[in-house]
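Remember, predicted model here, so these are calculated numbers, not experimental data.
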Amino acid sequence: MPKPIRMSRRAWVAAWAVLCAACLAATAKLNASSAPDPQPEKSVSAECAERIADIETQLAKAKQEGKGDGVLAFSQVQVGTEADCRDDLRNHFRGDQ
């Protein structure tokens, strides 16, 4: 049975350092390539912007009155703009914009 090749401690450390450097470089390249492309900022229609401003005003008023920690509900339903502004409202109040 042949004897295994003996490596010095210095050779092991050098091989380990090269392996670590290669892994770090590969990780950096993968992270850079998988970064999502920035989404272009979507414009909000005038109706939606007005509705968002109205809601912001009502939230500020509720906060001044000490009701800022509760739930603010709206019972007013606008037929044409509710469906159109739903995504804009979600994005705005979720903090995406």
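Side chain of Asp54 to main chain of Glu50: no donor-acceptor pair is present (N/O by atom type, distance under 3.5 Å, no hydrogens or angles).
Counting heavy atoms from C-beta on, the side chains of Arg90 and Arg86 come closer than 4.5 Å.
Considering every non-hydrogen atom in both Ile52 and Leu89, the closest pair reads CG1-CD2, 3.5 Å.
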